[in-house]
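Take a look at the structure below.
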Amino acid sequence: MISSRSSRSLTCVTMNNSNTNTYYDRQSFPDLVANLAAENTKMYNMRQSYNGQGGGGYNMKYYNYYQQSTPYVPQMYGNCFPKQRYAPYPNHQFGGNINVGPTNYTIATNHSTLPQPLLTPHSQQQSQHSSLSFQSASTSSSTSSSVCQLPDHAPPPQLIQPLLPAVLLSGVPGSGIEPPDQKEMVVLQISNLDSTIEEHKMHQFLMCQLKPITPVISLTIESPSLAKVKVPTAQCAKQVVANLHRKKIGHKRMVVSYIKDPSSAESSALRCQVAGLLKDVPFCSLPINRFRELFQSRFKSSISVLDLYRMPDVCAITLDKNEEKHISLQPALIDTLKNSSLVETSQHSVPYCMHHFKQEKEKGWAEQEIEPLPNVMMPINQLQALVYSLLKSHKNDIPVASVLYCIEHEMQVKIVPNDEGVPLEHLLCCIRGVQIANNSFGIKVLSWMDHEQNSTKDNDDACSVNLRYMPKSPSNEFLQQISREVVELIKMSPKSTMKFTRFIPAYHNHFGKQCRVADYGYTRLIELFEALSPVVQVMGDGENRHITLTHRTQIRRFTNDLLKILRNRTNKSILLSQLPMVIAHTQNRPFDVTDYGVCNIFDIVDGLVYSNAITTKLQNDGDMLISIVKRKQTISELDKTSVFAGEVVELFRKAPQFSILFKKFVRSYHYHFGYQCRLSDYGLLKLADLLEAVSGIVEMEQTNDEDRKIYLNYQVGLRIFAEQVQEIIKTFTGKPCTVVRLSAILHIHKNQYGYQLQPSSLGFSNMYDAIKALPYTEVFESGGEYMVISHLEDPAFRMRTYAVCMVLVEFRKARVPLPELLRSYQLRFKEFLNEKNICSMKHALTIEMDKGLQTVTMTALMKFVMRMVQVVKQRTSISVHDLKLAMTVSLGTCFEFGYPNLEAVLNAFSDVFVAGGNSTFISDKSDIELNRDCICK
């Protein structure tokens, strides 16, 4: 039977947000947890953590184990709605210490849509005691205070089990699932808890928050404001940080952080540094604030007071008469440090080389520090020779901070700093086979790279192409966007270098949003950059830290910039000597090779040898030719590309201004033809490559991907517009050769096609010049207006043109004087022509001046047509395929004439060539012959 109080609880759970918030203020903390659990049950289908697809970064191995070891427990989930991000502060005036009643469990378990895994008999027996497994550390066993104290009238344990917050991962007998590996487990510290909330209520609330996020190994409350939680893997720990860090509970926001192992080598190195610094100061004692300043100055890293309290065997912290804290070295260590180091190891436990770094005698104990590495101007191969020799003599391990001292003392080479150069630490990472990494003491050292990492082949799995800088896998799926944003931000900085402390404000100013490190599962910015190590390099230490792009990222960036330039060039190649000038012109700023992280252009060009898209070839004069690698298409793919060129002309024929946005091309193609544009049919991987293959038909603007347009080549556009003009004249006058005003044609064109054609779409600055350039079209002035006449469908005009071309062929000369041509034509065809008639045939003939005489020659299109006439004359009939072979027609042969393929040329001259049989249209499978009525027969 449901009590009135529980009835009110059930009613309030189903109320709207405003009523629910009011209800929260009147409930005790356990009642709050149970009712929010019921709300979460309703949102079960909205959750992503249990959708069976590995969402949220879950490790499915431990998730399946968790599901079979304990049944699903509906709890609060803080990511469904923004209002659930904040847990309300409990009101002690209502409810007090009321425990979870049976009515709350009834609410949580009455939803039939909630899947509940079946409990094995053994797990059902264990469920009665599972609530005792997560008692807080401060509660003794004699008090018997469990997480959820059940009243006497509680329901059976099997009904209570779904709401118990304990998650035991100790192995289920008979399930075949092993418990998580102890080595993979991670301990997190949850601090800044609201101390006014009772301990068992806080424990219950934290479990409610953790269970929808990750399986929980253990949870202990160490103090009213501090808790520790153990999770199975590092990925689960990241999920906890991303969801709970800075989340509000009561009046405070929780702080989630990773706990360092006090027995680790990094902690041992910290003890060495503290002891070494105290040994150098007078009386081995300093005010603690002064000590921290000296520590930051000498070791380029900060140390907290809490860290100092955690090493009582090394130092002691006391108060003086003025209540000021002092730190001093333990007396037992003073004599020990004079004879031996605190930690015996073969690795460097201090951030400098003990053999070559000598403390300057003229400086006092407060002035001893290592200067940061400078900028230098030197090629990589020169630095590589020095570093290889040093690594052999230093047993494969050199502290980065003192590498200059080692080079100067051992190699007798003085490296001169140059502010216009590149950071030396970055150049060290550019050396093949060498890496900079932290040793087990946390010291940044220069060492040989592992064989697996030293692959000479640039693997796409390590860094994907097209500025997709992070590898694609579930573990770093959330880092994809931030990696692209970091690259975009850093490459805008001078020399692609930015101060570490400037990143957060620069990110906010550039993208208009905050960079919240916890969203990616980290608590510090440096940890995020370490996760982005394939993309970002962090140089220096402490306050002198800078960030830049890694050498591999810079090579990819340079390759992308180079590809944009090469694709715009006619021969798709460029000489290295021309590259700086062309890049400066393209980017509208002076070219500086240091922006790519190197001092010599050959250092960045050397990285191109591992690129699959660009090839380099050394010329005889010492220059280098850089060109795009092109995959050879098969004959079938070339034929399909030729058909695609014809489809493109058809698609753009009715497009406004004969242009389409690049990002809308695929959609427009699909809408127009009713099928998808599949790049694999053409043997290409990118749409840009396919459009480049038909670059004589369409052209692309070289702007950003969002705004660039694809437009018809001007010669193709003029041919299409000439056909549209002829169609307009024929439709509205009834005769194809009628003289019409230019203004009327443009007005009708706008009404028929829906846009006002701009002369720039045809490659001219005004419409009069554009109309004059149209094939088969004449324009003249009459009565103060421009008049237009089209000869495209004028049979007499076309036959006259073919006759003049035949006379030119008979001369067997490239150029014929105009008077001689007119005379020969009149003798042969008994018809008089003048210069104006020849000028109107501009699609077939051109008049040029040669040594003061007007000469006439055929255009490239008519030369091609007359060659085809000669080939077809030799045979009664010939197939289009055989004609291509006889004419050696390639993919781009017809592009220069403004036609997409040979079939389009043959159909354009249908009065010369006809298809065999009864077909009126010439296709790629047609047999063609000469028209019997043509003068060329």
Side-chain angles (χ1 to χ4, degrees), residues 633-653 669 672-675 677-678 681-683 693-694 696-698 715-716 719-720 722-723 726-727 736 775-776 792-795 798-799 801-802 805-806 809 843-844 858-937:
Q633 295 175 285
T634 63
I635 296 176
S636 174
E637 292 169 348
L638 287 172
D639 291 340
K640 291 179 180 178
T641 306
S642 178
V643 174
F644 174 77
E647 293 175 336
V648 167
V649 174
E650 181 182 346
L651 178 62
F652 279 77
R653 182 184 292 270
Y669 184 95
H672 185 84
F673 295 105
Y675 51 84
C677 177
R678 296 192 303 177
D681 292 344
Y682 312 102
V694 293
I697 298 297
V698 291
Q715 189 172 1
V716 182
R719 180 177 67 82
I720 298 299
E723 295 174 2
Q726 177 66 85
E727 182 182 354
Y776 299 99
L792 182 61
E793 297 183 10
D794 185 355
R798 294 175 70 97
M799 289 301 167
T801 302
Y802 301 147
C805 291
M806 290 179 59
V809 171
H843 68 285
M858 283 189 293
T859 60
L861 172 62
M862 286 310 298
K863 289 179 181 178
F864 182 75
V865 171
M866 297 310 293
R867 281 179 55 207
M868 285 196 297
V869 169
Q870 298 300 325
V871 172
V872 177
K873 271 185 179 181
Q874 296 174 5
R875 309 184 189 184
T876 305
S877 178
I878 185 173
S879 66
V880 174
H881 180 266
D882 292 340
L883 181 61
K884 288 181 180 180
L885 296 178
M887 298 285 295
T888 62
V889 176
S890 63
L891 176 63
T893 299
C894 300
F895 292 173
E896 60 177 305
F897 314 137
Y899 291 89
N901 45 50
L902 182 62
E903 293 82 357
V905 177
L906 294 173
N907 284 295
F909 292 90
S910 57
D911 51 352
V912 178
F913 308 99
V914 293
N918 298 324
S919 177
T920 58
F921 181 80
I922 300 176
S923 65
D924 57 340
K925 297 180 180 179
S926 300
D927 292 333
I928 61 171
E929 57 188 27
L930 291 179
N931 191 340
R932 297 177 182 179
D933 299 330
C934 180
I935 196 171
C936 299
K937 179 70 173 174

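This one's a predicted model, so the numbers in the text were calculated from it and none came from an experiment. Note: hydrogens, waters and symmetry copies are ignored here, and every other heavy atom, side chains too, is used. Residues take their numbers from the sequence shown, with the count starting at 1.
Side chains of Y776 and T801 form no contact here, defined as non-hydrogen atoms less than 4.5 Å apart.
Between the Q726 side chain and the P736 main chain, a donor and an acceptor come within less than 3.5 Å of each other. Under the 3.5 Å distance criterion, the side-chain polar atoms of S877 are left unmatched by any main-chain donor or acceptor of E929. Looking only at distances, no side-chain donor or acceptor of R798 sits under 3.5 Å from a matching main-chain atom of E793.
Rounded to the nearest 0.5 angstrom, L883 CG and I928 CD1 are separated by 4.5 Å. With values rounded to the nearest 0.5 angstrom, E647 atom CD is found 13.0 Å from I697 atom CD1. The CG atom of N931 lies 8.5 Å from the OG atom of S910; values are rounded to the nearest 0.5 Å. Between atom OH of residue Y802 and atom CE of residue M866 there is a gap of 9.5 Å, rounded to the nearest 0.5 Å. One distance of note links CG of L930 with CZ of R875; it measures 13.0 Å at 0.5 Å rounding. Between the NE2 atom in H843 and the CE atom in M862 there is a gap of 6.0 Å [rounded to 0.5 Å].
Across every non-hydrogen atom of M799 and C934, the tightest pair is CE-CA, 4.0 Å. In this structure, V905 and C894 approach most closely via the heavy-atom pair CG2-SG, 4.0 Å. Taking every heavy atom of both residues into account, C677 and Y682 meet most closely at SG-CE1, 4.4 Å. Across all their heavy atoms, F921 and S926 have their closest contact at O-OG, 4.0 Å. The nearest pair of heavy atoms linking F913 to V869 is CZ-CG2, 3.8 Å. Closest non-hydrogen pair, A904 versus N901, comes out as N-OD1, 2.9 Å.
Taking the six-membered ring for Trp and thresholds of 30 and 60 degrees, F897 and F864 have ring planes inclined between 30 and 60 degrees apart.
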Sequence neighbours left out, cut at 3.5 Å: what donor-acceptor pairs do the side chains of residues 638-645 make with other protein atoms?
from	atom 1	to	atom 2	distance (Å)
T641	OG1	Q633	NE2	3.2
T641	OG1	E637	O	2.7

Side chain to side chain contact (heavy atoms under 4.5 Å, CB included) between R719 and V649, intermediate numbers included: CA-CA 11 Å; R719 180 177 67 82; V649 174; 4.1 Å; yes
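Considering only residues two or more places apart in sequence or on other chains, H672 meets the side chain to side chain donor-acceptor pair (under 3.5 Å) condition with E650.
When the shell of 6.0 Å around CG of L885 is examined, it contains more than 12 heavy atoms from other residues, nucleotides or ligands.
Applying the side chain to side chain donor-acceptor pair (under 3.5 Å) rule to pairs touching residues 882-893 yields S879-D882, K884-E903, S890-T893, sequence neighbours excluded.
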